[in-house]
K.L.:
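One structure follows; several queries about it will come next.
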Amino acid sequence: MLSLDEIAQRTQGRVIGDELTCISGIGSLANAQRGDLTYLSNQRYRTQLQATEASAVLLSEQNVANCPIPAIVVPNPQLAFAQIAIEFDKRTRVAAGIDATARIDSSARLGDDLRIGPNVNIGPHCELSDGVELCANVCIGAHSSIGRNTSIRENVVVYHDVEIGAHCTIHANTTIGADGFGIAANDKGQLQEIPQVGSVRIGDDVLVGAGVTIDRGTIDDTVVHDNVKLDDQVHIAHNCVVGAHSIMCGRSALAGSVTLGEYCVLGGGVGVAGEGPVSIVGGVEIGAMTFVSRDITEPGRYSGSTLHTDNRTWRRNVLRLNELDSIAKRLRRIEKILENNAPE
Amino acid sequence: MLSLDEIAQRTQGRVIGDELTCISGIGSLANAQRGDLTYLSNQRYRTQLQATEASAVLLSEQNVANCPIPAIVVPNPQLAFAQIAIEFDKRTRVAAGIDATARIDSSARLGDDLRIGPNVNIGPHCELSDGVELCANVCIGAHSSIGRNTSIRENVVVYHDVEIGAHCTIHANTTIGADGFGIAANDKGQLQEIPQVGSVRIGDDVLVGAGVTIDRGTIDDTVVHDNVKLDDQVHIAHNCVVGAHSIMCGRSALAGSVTLGEYCVLGGGVGVAGEGPVSIVGGVEIGAMTFVSRDITEPGRYSGSTLHTDNRTWRRNVLRLNELDSIAKRLRRIEKILENNAPE
Amino acid sequence: MLSLDEIAQRTQGRVIGDELTCISGIGSLANAQRGDLTYLSNQRYRTQLQATEASAVLLSEQNVANCPIPAIVVPNPQLAFAQIAIEFDKRTRVAAGIDATARIDSSARLGDDLRIGPNVNIGPHCELSDGVELCANVCIGAHSSIGRNTSIRENVVVYHDVEIGAHCTIHANTTIGADGFGIAANDKGQLQEIPQVGSVRIGDDVLVGAGVTIDRGTIDDTVVHDNVKLDDQVHIAHNCVVGAHSIMCGRSALAGSVTLGEYCVLGGGVGVAGEGPVSIVGGVEIGAMTFVSRDITEPGRYSGSTLHTDNRTWRRNVLRLNELDSIAKRLRRIEKILENNAPE
């Protein structure tokens, strides 16, 4: 239970209406019930405000007029909502202590206030800082370290020599530190793995989604800097560097040796892969399902995906792509003919 | 062992040839051996019927003529084959009962005829209905429920508060209920996760492939309705709704807040992601590797992917894509010149 | 510790400089330290050779001139480096023997020198050949077999009846043998899984990355031939055949019944999916993010992806794709007009 007054204090907001209104849960504008706090962030949903059954709403100054329920005015309603929603998160944590079935090598260095779940498996010479939570079946390879208060969910596998920073969350079934995909062919065309003796370093305050793969570097480390946020099924290959405060949405992927700058946003399904290393400067935003094969040297927004259309239109046009060069050349020829024939 | 007579009864088919022929296995037209039942569903394979070594075939009326072996005539041979093939499925189930190494919170409500494998981990206040099978290492978070006869394969992770219906199959290494990827930036550009306090609800008779990720909703639930079939490595982000009887093929993905109607089919690698919520009506079929960024309001077939060609042709044409607008405008200008010069 | 002399013997190279130089580690040209061996394979990095702090370098004949440090001359420096790097790989293996918490059905046939980690679960009638390593939480279904010296990493799930050859490596969280995605609709539009009673056969010397899914065949087996190398998050659907010595890069995928020839290379994110079975001959290389929907009958390089550009250019041009057919026809009409008007 939080009063609007308490909520306003935590979010540095201003209450409009009864400050003693009590909030017992949270809800969306459309589905909130009595007692719930909701928020209005996107103008798209403004019309839902009139009909909401929420008991209070977080909103920005521009939406105060005609608000039918008590409100807390804040500069960034989404961020303020995030601060409050965490109070109502029902997730239960792993029990404090070390589960009897966990297997921890005696050479491991262990911090305080650990939460180590069933069947966790920790190799030699690992280091777990204070407050680390490892859920059931997590495996940590030799010489790896996990920073303060980092939480690693069920069935995550961290290979050897990996460094993970503080305050990170790593979701289930993710793999960190598997061998980079370095393959060499001998003179008979037989393929051989190149040993990947680098590792993975992940900074502080990093989010890693479920089913993600981050490969170890061939010689130097693969690096994910502080405050990076990775969605589910992201893939980061060997030797990549992901700059601080960057976002990679679901199923986006970096091939080997890609460098991504700070404050970048890769949309869902984006792929970055060139003949050699590809480098993307900071401040770049890339539209969903785009393929990036060359360096990007200027901040800005980039896209390259094609758009869906009905099948008949698509079939009619897609085959013409192979005539584009011919079309361009023939058009130029006609322009020249017309220029020469132009009345003077 | 099944006689053709028994098979005909189960598939409501009509036997042509010796009704007492005994079937001891199943096989493809090309590789079936004596004793096997096979089927002919796609006209593409019709020529293989003459040479098959199978002892009997399921086929439709149109293919009866000249069939060289005993046959069972059914309206849908593929479906009839599915009904029979299940008799020859050699999968062994988890042993009846609860494995001694399984960890089940004492507050869980347990149905009858459970099959709970080694190292399964079930949090507080879960509900497992009759006939549920949980294979080795499955983890179920607090307050989640699993419906009758649902089977969850090895190493699947189900987070807290998730509802899964009856008669579902969920394949290995899948993650259901991880946090949706809601990220807010503060005024310094630092990224912060928005708590995801909704959950996931999955209906009855749903198939979920291996390595799938279905994220929990931000406030309201992510919903997968009855009889949906999801292939491996599908990704469903927070707040999505997938309509009943829809199919998502391998590696297709929905970004946050996508609504997919009933009886839809998304081809492999399809991505749906818009600036805001995207809505696709029922009865839509989308070609493989297509990117959908806007609503689809009419049932039908849609595509948008480009096609492969030899590298030389591709290189010559792909760069011209950036001239398309110029080409269209220049063409229009020429048409106007010619119209003006046309003899009257 | 290896002397240059020893390294030259192992790589069949020729030493230039002090043969007794001792190597205690490996490093990249840019980051190597005193005592490290490095290599120069790509001319792109040649300038780094002058400044490297490595104690020796593997390089090819063409780069010998002006090399400032001791060198070993070999035909393929990358391959030679791979041979040496393995000496410095710090990975620790699972302890020899069978962990007390592993669950192995008494009907399993076990070779010598096994390394079976904690909570491994092996079903009835499995066969593990000499030298097999199964890391923590690996699950192997009934009647499956694992060849000599194959290593399977943590949390991998292998279903029943799967055959995996010798000298393979399978990385964490991968699933092999889950049901192929065969779905049939009954006359009411309700979807039903077609039982997948085939299995998966994987040859010798195969690499399978992390988070990969390889589905079992519907009736016949899905087959991955010898010396295939699969990167992370690759998906291989039911009934596919992957030819020997082929490479599939990260997140590439084959839909059901695709046949890929020998010595093929699929770039990252490539998807192969047709209306019916698709067949690709040997010796085909496909560019990243390309969609292949038809057979490829000639060896060579193919692409079909579009390229990124700035958002403004992209928006202006992408919508014109739907006018391509019209553009081509209008251009042809103009050409005809001009031909008819041409001075004779």
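Letters go in sequence order (proteins before strands), and every chain restarts at 1.
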K.L.:
Test side chain to side chain contact (heavy atoms under 4.5 Å, CB included) on C:Leu2 and C:Arg10; report intermediate values, then the result.
P.N.:
CA-CA 10 Å; C:Leu2 292 170; C:Arg10 294 190 191 192; 3.5 Å; yes
K.L.:
Quick one about A:Ser303 and C:Asn311 (side-chain donor to acceptor, distance below 3.5 Å, no hydrogens or angles considered), yes or no?
P.N.:
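C:Asn311 vs A:Ser303: donor-acceptor pair found between side chains.
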K.L.:
Select one option (side chain, backbone, both, neither) describing which atoms of C:Asp89 are under 4.5 Å from chain A's heavy atoms.
P.N.:
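Contact with chain A: backbone and side chain both.
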K.L.:
Between A:Asp179 and chain C, with a heavy-atom cut-off of 4.5 Å, which part of the residue counts as in contact: side chain, backbone, both or neither?
P.N.:
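Interface part for A:Asp179: both.
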K.L.:
Side chains of A:Ser107 and A:Asp105: donor-acceptor distance under 3.5 Å anywhere?
P.N.:
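Judged by distance alone, the side chains do pair up.
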K.L.:
Side chain, backbone, both or neither: which part of C:Asn137 has a non-hydrogen atom closer than 4.5 Å to chain A?
P.N.:
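Only the side chain of C:Asn137 comes within 4.5 Å of chain A.
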K.L.:
Sort A:Arg294 into side chain, backbone, both or neither according to what part of it lies under 4.5 angstrom from a heavy atom of chain C.
P.N.:
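For A:Arg294, the contact with chain C is made by backbone and side chain together.
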K.L.:
At a 4.5 Å cut-off on heavy atoms, which part of C:Cys249 comes close to chain A: side chain, backbone, both, or neither?
P.N.:
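Both parts, heavy atoms under 4.5 Å.
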K.L.:
Looking at A:Lys336 and A:Glu339, is any side-chain nitrogen of the basic one under 4.0 Å from a carboxylate oxygen of the acidic one?
P.N.:
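Salt bridge flag = no for A:Lys336 with A:Glu339.
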K.L.:
Measuring heavy-atom distances to chain C, does A:Thr174 have an atom under 4.5 Å in its side chain, in its backbone, in both, or in neither?
P.N.:
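The backbone, not the side chain.
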K.L.:
With respect to chain A, which residue among C:Ile86, C:Thr309, C:Asp310, C:Val318 yields the maximal number of heavy-atom pairs within a distance under 4.5 Å?
P.N.:
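Heavy-atom pairs under 4.5 Å are most numerous for C:Thr309.
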K.L.:
Considering only heavy atoms, which portion of C:Asp205 lies under 4.5 Å from any heavy atom of chain A: side chain, backbone, both, or neither?
P.N.:
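The answer is the side chain of C:Asp205.
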K.L.:
Rounded to the nearest 0.5 Å, what separation is found between the CG atom of C:Asn31 and the CG atom of C:Asp36?
P.N.:
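Answer for the CG-CG pair, C:Asn31 versus C:Asp36, is 10.0 Å.
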K.L.:
Please look at A:Thr313 and chain C and tell me whether the side chain, the backbone, both or neither of the residue comes under 4.5 angstrom of a heavy atom of that chain.
P.N.:
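Side chain of A:Thr313 only, per the 4.5 Å heavy-atom cut-off to chain C.
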K.L.:
Quick one: pull up OG1 in C:Thr47 and CG in C:Leu40 and give me the separation to the nearest 0.5 Å.
P.N.:
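Answer for the OG1-CG pair, C:Thr47 versus C:Leu40, is 9.5 Å.
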K.L.:
Which region of A:Val284, side chain (C-beta onward) or backbone (N, CA, C, O), has a non-hydrogen atom less than 4.5 Å from a non-hydrogen atom of chain C, or is it both or neither?
P.N.:
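Contact with chain C involves no heavy atom of A:Val284 at all.
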K.L.:
Where does A:Asp161 contact chain C at under 4.5 Å (heavy atoms): side chain, backbone, both or neither?
P.N.:
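Contact with chain C: side chain only.
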K.L.:
Can you tell me which portion of A:Glu298 sits under 4.5 Å from chain C's heavy atoms? Options are side chain, backbone, both or neither.
P.N.:
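Contact with chain C is absent: no heavy atom of A:Glu298 under 4.5 Å.
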K.L.:
Could you tell me which of C:Thr306, C:Asp231, C:Leu307 has the largest number of non-hydrogen atom pairs under 4.5 Å with chain A?
P.N.:
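Top count of heavy-atom pairs under 4.5 Å with chain A: C:Asp231.
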K.L.:
For the pair A:Ser199 and A:Tyr159, evaluate side chain to side chain contact (heavy atoms under 4.5 Å, CB included) and give the outcome as yes or no after the intermediate values.
P.N.:
CA-CA 9 Å; A:Ser199 190; A:Tyr159 281 53; over 6 Å; no
K.L.:
So for C:Asn76, is it side chain, backbone, both, or neither that comes closer than 4.5 Å to the heavy atoms of chain A?
P.N.:
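Side chain only.
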K.L.:
Does any donor atom in the side chain of C:Asp204 or C:His167 lie under 3.5 Å from an acceptor atom in the other side chain?
P.N.:
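No donor-acceptor contact under 3.5 Å links the two side chains.
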K.L.:
May I ask you to decide if A:Gly180's main-chain N or O and A:Arg216's side chain share a donor-acceptor pair within less than 3.5 Å?
P.N.:
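A pair under 3.5 Å: no.
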K.L.:
Using a cut-off of under 4.5 Å for heavy-atom pairs, which of C:Ala328, C:Gly268, C:Gly211, C:Gly269 has the most such pairs with chain A?
P.N.:
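Going by pairs under 4.5 Å, I would pick C:Ala328.
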K.L.:
Considering only heavy atoms, which portion of A:Leu321 lies under 4.5 Å from any heavy atom of chain C: side chain, backbone, both, or neither?
P.N.:
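The answer is both parts of A:Leu321.
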K.L.:
What part of A:Glu323 gets within 4.5 angstrom of chain C, counting heavy atoms only: side chain, backbone, both, or neither?
P.N.:
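Contact with chain C is through the side chain of A:Glu323 alone.
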K.L.:
How long is the straight-line distance from CG of A:Asn121 back to OG1 of A:Thr101, given to the nearest 0.5 Å?
P.N.:
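The CG atom of A:Asn121 is 10.5 Å from OG1 of A:Thr101, to the nearest 0.5 Å.
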K.L.:
Considering only heavy atoms and a distance below 4.5 Å, find which of A:Ile296, A:Leu324, A:Val270 pairs most often with chain C.
P.N.:
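Heavy-atom pairs under 4.5 Å are most numerous for A:Ile296.
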K.L.:
Non-hydrogen atoms of chain C under 4.5 Å away: do they reach the side chain of A:Arg316, the backbone, both or neither?
P.N.:
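Looking at A:Arg316, backbone and side chain both touch chain C.
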K.L.:
Under 4.5 Å from any heavy atom of chain A, what part of C:Phe88 do you find: side chain, backbone, both or neither?
P.N.:
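Backbone only.
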K.L.:
What part of A:His160 is in contact with chain C, defined as an atom under 4.5 angstrom from a non-hydrogen atom: side chain, backbone, both or neither?
P.N.:
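A:His160 touches chain C through side-chain heavy atoms alone.
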K.L.:
Side chain to side chain contact (heavy atoms under 4.5 Å, CB included), that's the test. Do A:Thr290 and C:Met289 meet it? Break it down for me.
P.N.:
CA-CA 9 Å; A:Thr290 294; C:Met289 304 270 288; over 6 Å; no
K.L.:
Which atoms of A:Val234 are under 4.5 Å from chain C, going by heavy atoms: the side chain, the backbone, both sets, or neither?
P.N.:
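Contact with chain C involves the backbone of A:Val234 alone.
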K.L.:
Quick check on the interface: out of C:Thr92, C:Asn317, C:Thr38, C:Asp99, who has the most heavy-atom pairs with chain A under 4.5 Å?
P.N.:
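Of the candidates given, the most pairs with chain A belong to C:Asp99.
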K.L.:
Which bit of A:Asn155 is near chain C, if near means a heavy-atom gap under 4.5 Å: side chain, backbone, both or neither?
P.N.:
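A:Asn155 touches chain C through backbone and side-chain heavy atoms alike.
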K.L.:
Please identify, among C:Gln233, C:Gln83, C:Gln78, C:Arg91, the residue contributing the most non-hydrogen atom pairs under 4.5 Å to chain A.
P.N.:
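Of C:Gln233, C:Gln83, C:Gln78, C:Arg91, C:Gln233 has the most heavy-atom pairs under 4.5 Å with chain A.
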K.L.:
Let me know if C:Arg251 has heavy atoms under 4.5 Å from chain A in its side chain, its backbone, both or neither.
P.N.:
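For C:Arg251, the contact with chain A is made by the side chain alone.
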K.L.:
Taking every non-hydrogen pair under 4.5 Å, which of C:Ala172, C:Ala85, C:Ala244 racks up the most with chain A?
P.N.:
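Most heavy-atom pairs within the cutoff with chain A belong to C:Ala172.
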K.L.:
Once you round to the nearest 0.5 Å, how far does CD1 of A:Ile194 lie from CD1 of A:Ile183?
P.N.:
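The distance works out to 7.0 Å.
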K.L.:
Nearest 0.5 Å please: distance from the CG atom of C:Leu331 over to the OG atom of C:Ser326.
P.N.:
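So the gap between those two atoms works out to 10.5 Å.
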K.L.:
What part of C:Ser246 is in contact with chain A, defined as an atom under 4.5 angstrom from a non-hydrogen atom: side chain, backbone, both or neither?
P.N.:
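It is the backbone, since no side chain atom gets that close.
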K.L.:
Rounded at 0.5 Å granularity, tell me how far NZ in C:Lys229 sits from CD in A:Glu193.
P.N.:
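If I round to the nearest 0.5 Å, the distance is 3.5 Å.
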K.L.:
Between A:Leu191, A:Val157, A:Ile219, who has the most heavy-atom pairs with chain C when the cutoff is under 4.5 Å?
P.N.:
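When all of A:Leu191, A:Val157, A:Ile219 are compared, A:Leu191 has the most.
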K.L.:
If you apply the rule side chain to side chain contact (heavy atoms under 4.5 Å, CB included), what do you find for A:Leu134 with A:Ile140, and how did you get there?
P.N.:
CA-CA 10 Å; A:Leu134 304 180; A:Ile140 312 276; 4.3 Å; yes
K.L.:
Mark yes or no for whether A:Thr222, through its side chain, and A:Gly217, through its backbone, hold a donor-acceptor pair below 3.5 Å.
P.N.:
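Here the side-chain-to-backbone pair exists.
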K.L.:
Going by the salt bridge (charged side-chain N to carboxylate O under 4.0 Å, His left out) test, which pairs reach into residues 272-281 of chain A, not counting sequence neighbours?
P.N.:
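Matches after skipping sequence neighbours: A:Glu275-C:Arg301.
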K.L.:
What part of A:Leu319 gets closer than 4.5 Å to chain C, counting heavy atoms only: side chain, backbone, both or neither?
P.N.:
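Contact with chain C involves no heavy atom of A:Leu319 at all.
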K.L.:
Just say parallel, tilted or perpendicular for the rings of A:His143 and A:His125, cut-offs at 30° and 60°.
P.N.:
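Because their plane-to-plane angle is under 30°, the rings of A:His143 and A:His125 count as parallel.
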K.L.:
So what's closer than 4.5 Å to chain A heavy atoms on C:Arg312: side chain, backbone, both or neither?
P.N.:
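For C:Arg312, no heavy atom lies under 4.5 Å from chain A.
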